[in-house]
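Below is one structure, written out as structure tokens; comments come after it.
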Amino acid sequence: MRLYNTRTHSIESFAPLQDNTVRMYSCGPTVYNHAHIGNLSSYIYADTLRRTLKAIGYQVKHVMNFTDVDDKTIRDSHMKYPDDEPMVALTKFTAHYERVFLDEMAQVGNSVDDVTFVKATDNIADIQQLIRKLLEQGDAYVADDGIYFSISEYRKTRQYGQLSHIDFNAADRQRINNDEYDKDHAHDFALWKAQKEGEPAWDFTLPDGSNMPGRPGWHIECSVMSVKNLSQPFDIHTGGVDLIFPHHENEIAQSTAGNQPAEYSNFFVHNEHLLVNGAKMSKSAHNFYTLPDLVERSFSPLDFRLLVLQSHYRSATNFSWETLEAAKNRRRHWCNVAELRHQVSDNPSEEQIDKVSQLVEQAQDAMENDLDTPNALKYFDEAFDLFKPEQTDLGALDMLLTAIDQLLGLKLIETTPDIAPEDYELIDERQQARHAKDWAKSDQLRNELAKRGIQIKDGPTPIWSRA
RNA sequence: GGCGCCUUGGCGGAGCAGUUACGCAGCGGUCUGCAAAACCGCGUAGGUGGGUGCAACUCCCACAGGUGCCUCCA
């Protein structure tokens with residue numbers, strides 16, 4: 001497939017480095033609250049990329065991390081459980097939001113079973129091992145408040161700033177404020193943060209034999225967990241564009257310092273942001289929505305998934321209730337057609353089969369073209385237009401629904417089950433009333449069905465749909 | 001201050017130098033006891049100013065507006 005690679009700033013032909021297996025790592029959430037829908041959009045794109053790779057025929061090993069120890073998890077776990085030991089509070093607190101995250105991932109149609117989740121706190125020993133190695137190599141140094149990565153040392157042999165194209169020689173870094181950290185150089189970043197009063201901490205024996213209790217920095221955990229599970233170099237690293245610098249730049253530095261392999265990840269795939277009122281959604285700006293906000297307004301999480309897929313992953317897209325409504329209606333239309341499979345008799349049509357398989361192929365081609373979801377949706381729209389109550393090849397319809405569910409994860413089959421036998425009885429009863437021109441009874445039965453969430457549409461034969 | 005990106009119809013959103021994107025909403029129609037759904041049809045584009053081309057929404061330049069990153073960030 002063709003895929004834009006941030007590392008080379010160009011669209012490249014993608015193939016796995018080894019055999020037929022794609023090794024893919026996605027930067028996951030910091031579990032201190034609900035993910036906002038911008039976070040979720042990033043994971044929807046990653047999920048969709050994995051689906052496309054699988055559809056091509058690759059095996060995919062997909063790893064995602066939980067950042068379950070950092071300033072915010074420590075701060076908020078202490079607020080939530082002030083009487084517990086810091087480590088106990090942290091574990092209780094993050095475990096809760098891990099469950100919330102997995103639940104919301106599944107709700108938006110991300111296949112969590114296809115992802116291996118790993119946690120920073122489960123990998124402390126390996127993190128310490130890499131830090132020790134960096135210290136021994138001279139790529140890191142010990143300071144009073146922690147251990148830092150030395151970018152100046154790294155730059156003696158390697159280039160720093162490949163992904164972000166930031167010129168670190170220029171004297172234009174006005175926002176640097178070095179006062180509060182004990183760093184040699186402003187750009188240096190923490191590998192290990194020494195314990196402060198009241199913080200959870202792990203013992204860490206340094207090369208000189210001394211102990212520095214503390215916790216890992218943010219960047220090092222991804223370097224360690226990706227390589228530990230996927231080996232180095234692996235195929236694809238995903239994340240939002242905001243992670244290009246410093247997070248991914250620093251991961252590269254940590255994992256390629258010294259005599260380690262020259263490459264970290266072959267491809268870097270970054271998605272653009274979901275915007276609110278034209279501006280980036282962020283927790284610090286308090287301009288974000290969460291999935292429960294959407295559900296509260298009676299939208300399905302899958303409406304949101306479709307909204308995300310309607311724009312290309314490298315284009316920023318604006319979120320509004322109006323655009324979500326549009327996605328909802330489009331999905332409703334698709335579900336209405338999907339529901340035909342329970343209520344029309346098979347009307348075999350070679351032409352329909354041929355046309356659908358052709359459109360499915362075109363949709364998949366679009367996906368393989370740098371994950372062009374807007375165009376894939378166009379082909380699926382065209383395919384849905386082929387089906388009518390009086391002309392439906394059930395095999396062709398099934399082919400279409402299966403393809404969409406596999407490629408886009410919209411769960412069309414799962415969300416459109418058959419209605420109950422009692423519902424069918426009510427529909428029959430209403431038909432009889434209509435034949436007898438008993439409109440009062442007919443309308444009353446229609447209301448009855450509506451209460452059960454079923455809409456009835458009188459054509460040559462009545463067609464139902466879930467409201 | 002540095003480095004980028006974006007600007008398409010009422011809304012969302014693609015491709016493409018010359019031929020309908022697509023969706024949502026709107027309008028008209030078929031169907032219908034009514035309604036709804038479905039289907040058919042219709043209209044509305046390419047920030048501004050230059051340039052190159054037989055031809056530009058599509059390439060180049062300038063300007064305007066917006067926005068992202070420059071160690072919290074998907």
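In what follows, every chain begins at residue 1, and chains take the letters A, B, ... in the order their sequences are listed.
A distance of 13.5 Å separates CG in A:Asp188 from OH in A:Tyr154, rounded to the nearest 0.5 Å. Remark: A:Asp365 CG to A:Tyr379 OH distance equals 8.0 Å, nearest 0.5 Å. To the nearest 0.5 Å, atoms CD (A:Glu272) and NZ (A:Lys280) are separated by 9.5 Å. Taking CG of A:Leu53 as the reference point, atom CG of A:Leu3 lies at 7.5 Å (rounded to 0.5 Å). Interatomic distance, CG of A:Leu340 versus OG1 of A:Thr416, reported as 10.0 Å (0.5 Å rounding). One distance of note links CG of A:Asn336 with CZ of A:Arg331; it measures 10.5 Å at 0.5 Å rounding.
A:Asn5 places a side-chain N or O within donor-acceptor distance of the main-chain N or O of A:Asn266, the cut-off being under 3.5 Å. Side chain of A:Ser265 to backbone of A:Phe268: no donor-acceptor contact under 3.5 angstrom is found. Not one N or O on the side chain of A:Ser223 forms a donor-acceptor pair closer than 3.5 Å with the backbone of A:Ile220. Listed for the A:Ser300 side chain is a donor-acceptor partner under 3.5 Å among the backbone atoms of A:Leu302.
Nearer the 5' end of RNA chain B, as judged by each residue's closest nucleotide, is the contact made by A:Ala327, out of A:Arg446 and A:Ala327. Between A:Asp242 and A:Leu377, the residue anchored closer to the 5' end of RNA chain B is A:Leu377, taking for each the nucleotide with the nearest heavy atom.
Separating the P atom of B:G2 from that of B:A62 is a span of 15 Å, rounded to the nearest Å. For the P atoms, the distance from B:C72 to B:G65 is 29 Å, rounded to whole Å. The same atom, C1', is picked in B:A74 and in B:C69; the two are 14 Å apart, to the nearest Å. B:C63 sits 45 Å from B:C27 when the P atoms are compared, rounded to a whole Å. Rounded to whole Å, the C1' atom of B:A21 lies 26 Å from the corresponding atom of B:C54. Nucleotides B:U48 and B:G43 have their P atoms positioned 23 Å apart, rounded to a whole Å. When the P atom is used for both B:A14 and B:C59, the distance is 15 Å, rounded to whole Å. For B:A36 and B:U30, the P atoms lie 15 Å apart once the distance is rounded to whole Å.
Between the side chain of A:Ser442 and the base of B:G33, at least one donor-acceptor pair of N or O atoms lies under 3.5 Å.
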Between N or O atoms, less than 3.5 Å apart, protein on one side and nucleotides 14-18 of chain B on the other: list the pairs.
from: B:A14; atom 1: OP1; to: A:His312; atom 2: N; distance (Å): 3.2
from: B:A14; atom 1: OP1; to: A:Ser315; atom 2: OG; distance (Å): 3.0
from: B:A14; atom 1: O2'; to: A:Asn375; atom 2: ND2; distance (Å): 2.7

Tabulated below should be each protein N or O lying under 3.5 Å from an N or O of nucleotides 5-8 of chain B; please produce it.
none

Please tabulate, one pair per line, each protein N/O and nucleotide N/O from nucleotides 36-39 of chain B that are separated by under 3.5 Å, including the distance.
from: B:A36; atom 1: O2'; to: A:Gln455; atom 2: OE1; distance (Å): 3.4
from: B:A36; atom 1: N1; to: A:Asp458; atom 2: O; distance (Å): 3.4
from: B:A37; atom 1: O3'; to: A:Asn336; atom 2: ND2; distance (Å): 3.3
from: B:A37; atom 1: O2'; to: A:Lys457; atom 2: NZ; distance (Å): 3.0
from: B:C39; atom 1: OP1; to: A:His333; atom 2: NE2; distance (Å): 3.2
from: B:C39; atom 1: OP1; to: A:Asp385; atom 2: OD1; distance (Å): 3.3

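Residue contacts for A:Leu243: at a heavy-atom cut-off of 4.0 Å it reaches the sugar-phosphate backbone alone, with no base atom in range. Counting non-hydrogen atoms under 4.0 angstrom, A:Asn271 reaches a base of the nucleic acid. Using a 4.0 Å heavy-atom cutoff across all strands shown, A:Leu40 reaches no nucleic acid atom at all. Contact annotation for A:Asp443: base contact, defined as any heavy-atom pair under 4.0 Å involving a base atom.
Look at A:Glu199 and A:Lys193 and you find no salt bridge, because none of the NZ, NE, NH1 or NH2 atoms lies under 4.0 Å from a carboxylate O. Under a 4.0 Å N-O distance rule, the pair A:Arg430/A:Asp458 qualifies as a salt bridge.
The stretch residues 235-252 of chain A participates, sequence neighbours left out, in these side chain to side chain donor-acceptor pair (under 3.5 Å) pairs: A:Ser26-A:Thr238, A:Tyr160-A:Asn250, A:Ser164-A:Glu249, A:His219-A:His247, A:His219-A:Asn250, A:His237-A:Glu251, A:His247-A:Glu251, A:His248-A:His270, A:Glu251-A:Tyr264.
Applying the side-chain contact (heavy atoms from CB on, under 4.5 Å) test to A:Ser357 and every residue at least two apart in sequence or in another chain returns A:Met399. Here A:Thr67 pairs with A:Asn65, A:Glu221 under the side chain to side chain donor-acceptor pair (under 3.5 Å) rule; sequence neighbours left out. Looking at residues two or more places apart in sequence or on another chain, you find a side-chain contact (heavy atoms from CB on, under 4.5 Å) between A:Ser349 and A:Glu351, A:Gln352, A:Gln391, A:Asp393.
Rounded to whole Å, the distance from CZ on A:Phe319 to P on B:A74 is 18 Å. Put simply, CZ on A:Arg75 is 10 Å from C1' on B:C72, counting in whole angstrom units.
A cation-pi arrangement is present between A:Lys328 and A:Phe299, with the terminal nitrogen or guanidinium carbon under 6.0 Å from the aromatic centre and inside a 45° cone about the axis. Figure legend: cation-pi geometry between A:Arg314 and A:Tyr4, with NZ or CZ positioned under 6.0 Å from the six-membered ring centre and within 45° of its axis.
Residues A:Leu294 and A:Asp303 are not in side-chain contact: their nearest non-hydrogen atoms beyond the backbone lie 4.5 Å or more apart. By the 4.5 Å heavy-atom criterion applied to side chains, A:Arg51 and A:Val60 are not counted as neighbours.
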For residues 380-387 of chain A, which side-chain N or O atoms pair as donor and acceptor with protein atoms under 3.5 Å away, sequence neighbours left out?
from: A:Asp381; atom 1: OD1; to: A:Trp334; atom 2: NE1; distance (Å): 3.0
from: A:Asp381; atom 1: OD2; to: A:Arg330; atom 2: NE; distance (Å): 3.2
from: A:Asp381; atom 1: OD2; to: A:Arg330; atom 2: NH2; distance (Å): 2.4

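Listed in residue order, the members of residues 429-438 of chain A having a heavy atom less than 4.0 Å from RNA chain B are A:Arg430, A:Arg434. Applying a 4.0 Å cut-off to non-hydrogen atoms, none of the residues of residues 298-305 of chain A approaches RNA chain B. Using a 4.0 Å cut-off on heavy atoms, the residues of residues 28-39 of chain A that approach RNA chain B are A:His36, A:Gly38, A:Asn39, listed by number.
The aromatic rings of A:Phe288 and A:His36 are tilted relative to each other, their planes meeting at an angle between 30° and 60°.
Against the 90° criterion about 0, the sugar-base torsion of B:G28 places it in the anti range.
For A:Thr317 and B:G13, the shortest distance from a side-chain N or O to OP1 or OP2 is below 4.0 Å.
When each of A:Ile37, A:Leu275, A:Asn39 is paired with A:Met281, the side chain to side chain contact (heavy atoms under 4.5 Å, CB included) condition holds for A:Ile37 and for no other.
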Checklist entry - Under a 3.5 Å cutoff on both atom distances, Watson-Crick or G-U, what's the dot-bracket for RNA chain B ([ ] crossing, | other strand)? => result (((((((..(((.....[...))).(((((.......)))))....(((((..]....))))))))))))....
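Across B:G12, B:C70, B:C11, the shortest atom-to-atom separation from the side chain of A:Asn318 is found for B:G12.
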